[in-house]
**Q** 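Shown below is the structure under consideration.
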Amino acid sequence: MDLMEQNPMQEKKTVKVKLWLIIVVVLIILLIIAALFIWLYSQKLINDSFKVKIDGISNQRASEQNSLFLIQNNKVYTSISGICPYIGYMYYPGGYKQYSEDRTKCYVTNQKEIVTFSSGLNEIVKYPIGDVNSEPQSFTIDEAAIIRGDNLYVSEDGLQKAFNVRINYISETNSVEIATLPNIVNYYETNIKGICLEKSGFEDFIKFNNEKALLKNLAIVRDEKTKLYGVSSINNGGLTPIITARYKKIQYLEGSGDFIVTSEEGKVGIIASDGITKVKPDFDQIQEIDKNIGLYLVTNGGNQGVINRNGKVIVPQDYDRIGLIPNSYDDKNVTNRYLLYGSCIPVQLNNKWGFIDIDGNRVIPVEYDKVGCQEVGATGIRNTNGIVLIPDINGIVLEKDYVQGRNTVKKYGIIDVKGEAITDFILDSAYMTTVNNENNYYVTLQDQTIDIVDYYKKATLGNNGQNETNNDQNTIQNNVQNNITDQSENVVQNTTTDDEQQSQDPAQE
């Protein structure tokens with residue numbers, strides 16, 4: 001008997017064990033393949049889903065907010081109201097200072113500036129906060145803001161300019177990456193030696209402006225030995241000097257991209273972002289008053305004037321004041337107190353006012369006692385403000401004071417932007433009323449209330465509404481004067497506080 005010969009039963013058992021082992025191995029392999037397939041599919045779903053990163057961190061809530069972004073023609077449009085909570089801004093519907101719920105307009109703020117938007121306009125307006133001398137400035141964006149449902153959307157260019165961010169849409173990964181200005185500042189200050197925005201000691205509004213220069217790959221730098229400032233460009237993680245660090249103060253101008261520099265002697269000038277000196281540091285103070293035209297208010301020894309971006313004198317430094325006095329008017333039509341209608345510069349000398357145009361020509365002599373009227377004539381009229389401008393007729397309201405015995409009597413007149421008189425100085429007041437977001441302009445004379453725009457149109461237009469070619473300026477003025485002083489049926493009687501009369505009076509709400 002062969003002791004090495006296996007038992008048939010044992011052999012069958014061995015075969016069965018091997019078979020089960022094979023089955024288990026196959027099952028394990030199938031499970032691995034299934035798990036791998038599930039993982040790959042889940043990764044595909046993740047890759048296919050929309051993703052949002054803000055300051056380098058994935059934001060699941062923003063990624064899942066379907067109305068936050070619109071993707072059209074490989075371009076991304078961002079909801080203004082939707083993005084605000086994620087990047088440190090507050091959102092308000094309606095126009096700035098209009099207090100309405102109009103969703104076709106809105107404004108946002110980060111407590112450093114206010115930015116306005118309007119559907120259909122490829123323009124935003126920025127209102128600085130904290131810099132009492134600076135005026136609002138408009139910026140062109142590549143595409144007009146669009147309205148979808150209750151949301152107003154802006155393009156990438158609009159988002160970057162309005163919110164001072166960088167945005168990048170990556171179509172391959174279906175993702176949007178946004179870097180906010182505080183994050184950009186922190187990154188550069190941490191990683192590049194010499195940038196010292198937070199340690200500059202400048203006023204907050206200057207720090208904020210200087211931070212914006214980083215969006216153009218420009219940085220304010222300080223020499224640690226001399227404690228003086230300069231400007232460098234950021235290249236491949238390093239700095240290339242543009243403006244030598246020898247100034248006590250530097251302020252970036254977002255509109256023009258130039259820098260206002262203050263020398264060690266305390267004199268101020270302008271240097272471009274390429275290092276070319278535009279205006280030598282010869283002034284006590286320089287302030288940008290219009291970025292589009294390139295006008296600057298300059299001050300020396302208490303006298304003020306205006307120069308352009310190349311240093312050419314527009315208004316000589318012969319005046320006590322350039323621009324309207326802050327808080328001396330409440331007219332929302334005045335968007336820039338240094339430049340009315342984009343062409344007229346108010347100047348004051350010896351307490352008298354006049355106007356010089358942007359070419360340096362005196363269009364209105366310096367002989368008026370005040371610009372604008374705060375008198376509203378009849379009392380009890382709601383939504384009423386005194387005015388400086390009457391845009392419908394390109395008019396500027398001016399005041400002349402007349403001495404009568406011991407009293408001084410204020411009289412008002414209206415002059416257009418070319419210096420031509422629309423009315424003589426016989427008016428008792430001029431004001432504006434707002435009804436259903438529509439502005440109407442009135443003047444008062446001898447207890448009469450007159451719609452000045454209506455009168456002006458009647459004087460300048462024929463019966464068929466077409467311009468009369470034979471109407472010269474003297475004829476127009478005479479027609480307006482005659483209409484104003486005439487006891488005509490078109491004179492609107494003084495408004496009262498009686499509710500029934502208010503409903504009938506076009507000057508009341």
Side-chain angles (χ1 to χ4, degrees), residues 133-138 287-299 302-309 312-375 386-402 410-427 429-432 441 443 452-453 456 473-474 476-477 480:
N133 292 317
S134 291
E135 291 296 291
Q137 298 224 2
S138 62
Q287 176 187 328
E288 185 180 39
I289 61 177
D290 186 271
K291 75 174 184 64
N292 297 317
I293 303 175
L295 296 180
Y296 296 86
L297 171 68
V298 293
T299 304
N303 293 329
Q304 295 188 326
V306 176
I307 62 174
N308 67 13
R309 59 170 57 96
K312 179 184 176 181
V313 174
I314 304 299
V315 179
Q317 295 175 65
D318 296 333
Y319 295 94
D320 301 328
R321 175 184 289 274
I322 303 290
L324 302 182
I325 301 172
N327 304 318
S328 67
Y329 57 91
D330 186 22
D331 188 343
K332 295 180 178 61
N333 291 317
V334 179
T335 56
N336 187 332
R337 63 189 174 96
Y338 298 102
L339 198 62
L340 306 187
Y341 292 118
S343 63
C344 287
I345 302 169
V347 298
Q348 185 188 46
L349 180 64
N350 298 326
N351 293 320
K352 297 292 183 180
W353 289 91
F355 287 83
I356 295 176
D357 68 18
I358 57 177
D359 295 319
N361 303 310
R362 181 177 292 182
V363 291
I364 298 178
V366 185
E367 59 183 41
Y368 300 98
D369 293 287
K370 189 177 180 181
V371 180
C373 173
Q374 294 301 311
E375 307 293 331
I387 52 174
V388 173
L389 305 179
I390 307 178
D392 294 2
I393 58 177
N394 286 328
I396 301 172
V397 178
L398 296 168
E399 175 190 318
K400 265 191 175 183
D401 296 342
Y402 298 93
K410 298 179 180 179
K411 290 294 181 180
Y412 300 92
I414 305 170
I415 298 178
D416 70 15
V417 292
K418 296 180 180 179
E420 302 289 351
I422 294 175
T423 76
D424 204 350
F425 285 78
I426 59 175
L427 308 175
S429 69
Y431 62 93
M432 176 184 73
Y441 300 88
V443 298
I452 185 61
V453 175
Y456 184 80
Q473 186 61 38
N474 289 332
I476 292 172
Q477 181 185 351
V480 174

**Q** Within the side chain of K400, is there an N or O that forms a donor-acceptor pair under 3.5 Å with the backbone of I426?
**A**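 No.
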**Q** For L324, does its backbone N or O pair with a side-chain atom of R337 as donor and acceptor, under 3.5 Å?
**A**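 Indeed, once roles are kept as given, a pair shorter than 3.5 Å links the two residues.
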**Q** With side-chain contact (heavy atoms from CB on, under 4.5 Å) as the criterion, how do V313 and V298 come out once you've worked through the C-alpha distance, each side chain's angles and the decisive distance to 0.1 Å?
**A** CA-CA 10 Å; V313 174; V298 293; over 6 Å; no
**Q** Out of curiosity, I314 CD1 to I322 CD1, how far, rounded to the nearest 0.5 Å?
**A**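 Answer rounded to 0.5 Å: 11.5 Å.
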**Q** Take Y329 and Q374 through the side-chain contact (heavy atoms from CB on, under 4.5 Å) test and state the conclusion after the steps.
**A** CA-CA 7 Å; Y329 57 91; Q374 294 301 311; 3.8 Å; yes
**Q** Might you work through the side chain to side chain donor-acceptor pair (under 3.5 Å) test for Y456 and D416, ending with a clear yes or no?
**A** CA-CA 12 Å; Y456 184 80; D416 70 15; 5.3 Å; no
**Q** Backbone N or O of D318 within a donor-acceptor pair of the N303 side chain at under 3.5 Å?
**A**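 Judged by distance alone, no pair lies under 3.5 Å.
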**Q** Answer whether the closest heavy-atom distance between the side chains of I390 and V453 falls below 4.5 Å.
**A**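 Sidechains of V453 and I390: in contact.
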**Q** Could you check D357, V306, L295 and say which one makes a side chain to side chain contact (heavy atoms under 4.5 Å, CB included) with V315?
**A**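 It is V306, the one option of D357, V306, L295 that forms the side chain to side chain contact (heavy atoms under 4.5 Å, CB included) with V315.
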**Q** Using 0.5 Å steps for rounding, measure from the SG atom of C373 to the NZ atom of K410.
**A**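 Going from SG on C373 over to NZ on K410, the span is 8.5 Å.
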**Q** Heavy-atom distance under 4.5 Å between the side chains of V397 and Y368, does that happen here?
**A**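 A side-chain contact is absent here, since even the closest heavy-atom pair is not under 4.5 Å.
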**Q** Using modelled atom types only, decide if a donor and an acceptor are shared between the side chain of Y412 and the backbone of G372 within a distance under 3.5 Å.
**A**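 No.
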**Q** Quick one: pull up CG in L389 and CD1 in I414 and give me the separation to the nearest 0.5 Å.
**A**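 It comes to 11.0 Å.
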**Q** Please report the C-alpha distance between L339 and I289 in whole Å, then the side-chain angles of each, then the deciding distance to 0.1 Å, and finally whether the side-chain contact (heavy atoms from CB on, under 4.5 Å) criterion is met.
**A** CA-CA 8 Å; L339 198 62; I289 61 177; 5.9 Å; no
**Q** Under a 4.5 Å cut-off applied to non-hydrogen side-chain atoms, are D290 and Y338 in contact?
**A**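 Contact flag for D290/Y338 side chains = no.
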**Q** Could you grab the distance from atom CG of D401 to atom NZ of K352, nearest 0.5 Å is fine?
**A**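 Here the interatomic distance stands at 6.5 Å.
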**Q** Stepwise, does the side-chain contact (heavy atoms from CB on, under 4.5 Å) test hold for W353 with R321?
**A** CA-CA 9 Å; W353 289 91; R321 175 184 289 274; 3.6 Å; yes
**Q** Show the nearest heavy-atom pair for residues R362 and Y319, with the distance to one decimal.
**A**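 Distance-wise, the nearest heavy atoms are NH2-OH, 3.1 Å.
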**Q** When rounded to the nearest 0.5 angstrom, what is the spacing between CG in N361 and SG in C344?
**A**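 N361 atom CG to C344 atom SG measures 11.0 Å (nearest 0.5 Å).
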**Q** Look at atom CG of N327 and say whether more than 12 heavy atoms of other residues, nucleotides or ligands are closer to it than 6.0 Å.
**A**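 Atom CG in N327 is not packed in, count stays at 12 or less.
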**Q** For V388, which of L340, L398, D330 qualifies under side chain to side chain contact (heavy atoms under 4.5 Å, CB included)?
**A**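 Looking at L340, L398, D330, the match for V388 under the side chain to side chain contact (heavy atoms under 4.5 Å, CB included) is L340.
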